Every structure is written in C-alpha cells, then in structure tokens.
Amino acid sequence: MLHLLGVNLPDQKLVQYALPLFYGIGQRASVKILAALAIHKTCKISDLSETQVNQLSSLLSDMTIESDLRKEVRANIMHHRTIGSYVGRRHAMGLPVRGQNTRNNAKTARRLNGRWLKAERKEYSSSVRSIIPPPESPFESFFNRKWF
Amino acid sequence: MAHRLLSSTPVLARTQQTLVARARAAVPVQFANYVTASAVVMAGGKAKKASAPVRAKGQSNSFRRKKNEDEDSGEGATGGAGRLNEKYYKPAVPVKVEEFLPSTATTEYIGKVLGFPAAVTPALSQTAYPTLLNEQFALVKPAALVVRESTVSLLERIDKAMKTPSEKSRIVLTGESGSGKSALLLQTVSHCLSAGWVVIYVPKASTWMNSSFAYNKVLKSTAFVQPTLASALVGQILNVNKSALSKIIIPETVPVGRHEVAKGTSLASLLESGVKGQFAAQDVMEVFMKQIGAQKEIPTLIAVDEINSFFRPTQYMNQEGKELDPEHLKLPQLFLEYISGKSTFEHGAVIGATSDALLANKSEVLEVALGIKDVSPYKKLSSSLMAWAQGLARIEVPNYTAAEAKGVLEYYKKGGVFYDAPSEAYFQSKLITSGGNPRKFFTACAKGI
C-alpha cells in the first residue's frame, strides 16, 4: 500500500489505473503522467522505484488535486453566490443551473447541486460541529466514530 | 456394437453411429490420452451448476481465487489456478520420432514428422515457443514438426548463407494465418543450433514494443533504453549459446559503457556481466553484436518472430505523450540495424516471420515494402519506418501439400489427437475442410470437424 498525498494506492494495481483514485486525475491525466515520468503501462505500484515515487509525488504536488481542487470548486461556486448571480441562486436552491427544464427531469440537479454550499455553510458555523476535525485530517475517522 | 469400455475406438464406421454414441465414443474417459476440451467443459459445467458456491452480496468474483470450486472438483475439468484435473487430462504419451538434424533437411524426408534433437531442446527451452505452437506442443508430445518443401528450400538457402555477410540474407517469412511461418522459423533455429551457429531467437517481438518492460530515457538524447529487457535477452543468448560463445575471444580492449572489457575475455563472460548489471546490459549487447559480427569462424543467426511489430509505432510514449517508434528504443534499434542491413555479421543471416495473431501488431509499412499489399500513392506511410524495411527478401509459406498433410495426420493419430481410423476418405475430408492450412488441419483433426 503506497500512501501518497493522502491517498492509499494498492500495491497490486497498475499505476495507470491507480492514479485516477486521486480526486482531480482521470484516465487522460493518468496516461500523461505516465508518459512524463517514463513509466511503462504494465507497471504496478509495487514495481515503482524510490526515485520514481519521489518524482511522482513532486509532480502530483504541483498539480491542483484533492483538497486544493475541492477548495477551488467551492470558491468558484461561492463567488457566484456572493455576487448574487442567477447561477449562485440556482446552486443555493439545489436546482439546475444551466437553463434546463424543471417541469420534469431535474432529478440529478436536485440531488447534487448545492452540496458545495452546504459544506461551506457547515465550515463557518460556530456550533459544536466546528470542533469536529475536518475530513482531511488523519484523526477524523477516530473522532467521528459512533461506537467504541 | 461393442461396449464402449472394451474398445477405445468404435466398431461401426463413424458416419453410421448416432450423435450421442459418437460423442460418448469420442470421450472414453478411462482410455483418454487427450480429451477434447469442449466435451470436458460440458461435463464440468453440469457439475458446477449443481453446486455453485453462494457468494456474499456485493463481492465481485473477478479477482477472487475460486477456492470453493477446488473442493467440488470431482467432475470439474480444471483444479484451482489453471492445473488440469488428472482424471480427465492424462499426460500425453510421447510419440517416437526421429531427430530433426541437418542431414534430414532433404527431399527424402518431406512429409516426415521429426522432433527437435536432444542436444537442441535445452537451448530451445530457454525461450518460450510462439503462443499457438506452444498450445499444440502441450497437447501432442514431443514437440515435433513436419519437414516441408519450404523447410528444405529455406534451409538450403541458409546453408549457402553460412559463408556470406548477413546483409545479403535478410529474409521475411509471410503467408496466411496458420500457414506455418513460426514453425518454419523454429525449424531454422533448430537446424542452425545443430549446425553450431550462434542463434539469437526472439519468439515474441511484440512483447518488446507493447509497454510491458520498464524503460528509461537516455540523458541528452531522444532515445530510450529498456534495462530489464536487455538483461533478460543477454541472459537468454548466453544460456542458448554457452559453448559456442566461450570459444570466441575479444581480440582487443573494448569500452563497454563507462567500463572497459580486457583483451582476451570470452564473449560468454562479457554476457555474464550484462546479466549481473541491468544498466550495463544494453552496452554489453551492442558490444556483443559487434564482436560476434566481426569474427568469421562461427556464423550468427538472428531469428525474430512477429517481426511486423518492428515496423509500426510502439505502445511506449515519450515525455510529450507521443508514441515512440521502435528506432527510439535502443534494443529494437540495434536489431533494426541488422534487419535493414545497416549493420552486418561477416557470416550470418537474419530471418523474420510475420504474425497475424494480434491485429494491434499489423504493419502496413512492412506489407507495402514486401509487396504483399498495394496502397494508394496518396496514403501517408511513415518514411522513417519504410527506410528500415528496404531490401528484405520475402518467402511465402504455402499451405500443406498432400504428402506433408499425410505425414502430419499419421503423427496426430499416433499422438492420440483423434481416434478414428486414418483412412483415405477421412484424410481427404480433413484436408478439404481445412484447405491444407496447418492450424485449421490440427483443429479439424482434434475437434472432429
């Protein structure tokens, strides 16, 4: 198990299919990373050398992935909310943003839109919840356990 | 009709039996040397359906080792991890065949099935056989091939090439799928090993280009090197040609990478240093090829199967994400120089065989260069790849003639591939349904088509 930048990469997985486990890296980005680091396509995580792992971690830390990317997405949507635009209002209401019909078929939007704003609101609340460690910290799973 | 347990072959002629009786006769379990896979899968499938293991919800079975099925392998065809169940797959009884020696490569032996000589089999076992041939050799023992007209003519040509530079004998075997190109190449390799040549045999050149070996960029160059592949190849060449290589001495001090090899070391010890140090293997390989090409006592043969993968882009990528050509990888480039005639052995030959096994390996450039295919003049073919494919001689490998097919049929009968009497009518029906194509002829005999 290679632990890299907060994500566990299983040893037996091909590197090409392990890199998309990072939030912000998909199939295309994964192939580009392999090409840049001269890693062959049938290389498994366990086959990577120390130097290659270091090169990989430095390359990944230069990209916006994981928490940096999530912050960026949240900030983009918050910007619309703050300036009071139509897009911001639709995100807040959890409705389609890009002009789709809502008479029927807005199920995905109703389920998914606005989740970035809910997280934002949770963070700035001054209730007991604020002392609960955020999801990115290493002790989150311990503190958020519901049984002991 | 005699009871099926008392005779392994049915008493009635095949066409007079019912379908059920024919199927039962084709799988006489107690006497089976070789059981057709389809019959056994049918039997195993019924047993498996009755006792299918209950899987936990949400558990995917793609990577889970099937431990449950090992326990009810009473009627299953295969045990765990690809082992064959001894109840159904008895080991094949080897057929007595003569050895395929240089003296047997004559017209008198056409149609005879000859096995690889005992002196040559350890060398051949260093590299795997080509995939589909390997499957056939696993079923009928020992590994033996029929002497064909094309065998005799090719080996005559090789014997003439023994005293000429390799750039004059660069041959590519072509032909339809299953026509015997890889088999012919194997016979050539065996012949040259028996004759004392130094043989560099590459059974699957596509594995060099399909991104299955690690690769590193060479500093200050656009080339890439494959250290593990080079090291493996060096080890293979050493094991195959150990006795011949220990006799060849390097006449003067030669630089190998950052080190030097002293005058008087044998080529065998040079290759050993390449096996020990992966990153020196590429340099060792280059020096080795130069040295072996410079001497005239022992001729050298390069035999490459799936040679079409040398004439198309590889699956490796450069740092910008563009596909690499074989010339950008150092080891394939070294071989391409000998294939194209840019480098030469003083005495030797280069033989390749194309393969249609994988569509991904198809090379239009090679087909156009050999004259197999014509393309529109407006079609853009890679000029760099075309440059490597110039001057190759093409040998078309035909299907079986009647005499060759007859010899093969007798060998299959002795090897237990089929149990019917090899009558003339039976032989003709097999020959016609397969059209003489060797691979189809084998499946026609094995599956009773």
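Keep in mind it's a predicted model, so treat the numbers as computed, not measured. Here is how names work: the chains are called A, B, and so on, in the same order as the sequence lines, proteins then strands, and each is numbered from 1.
- Other residues, nucleotides and ligands place more than 12 heavy atoms under 6.0 Å from the NZ atom of B:Lys342.
- Pairs of residues two or more places apart, or lying in two chains, that qualify as side chain to side chain donor-acceptor pair (under 3.5 Å) and include a residue from residues 204-223 of chain B are B:Ser206-B:Glu306, B:Asn210-B:Ser212.
- Between A:Ala35 and B:Gly321, the closest heavy-atom pair is CB-CA, 3.9 Å.
- A 4.5 Å side-chain heavy-atom check between A:Leu37 and B:Gln319 finds every atom pair outside the cut-off.
- Proximity to chain B at a heavy-atom threshold of 4.5 Å picks out A:Ile39, A:His40, A:Lys41, A:Thr42 from residues 39-58 of chain A, in numerical order.
- Against chain B, no residue from residues 3-15 of chain A qualifies, as none has a non-hydrogen atom under 4.5 angstrom away.
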Residues 95-110 of chain A side chain polar contacts: donor-acceptor under 3.5 Å, at least two apart:
from: A:Gln100; atom 1: OE1; to: A:Arg98; atom 2: N; distance (Å): 3.1

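- Crowding of A:Tyr17 atom OH: a count of heavy atoms from other residues, nucleotides or ligands under 6.0 Å not exceeding 12.
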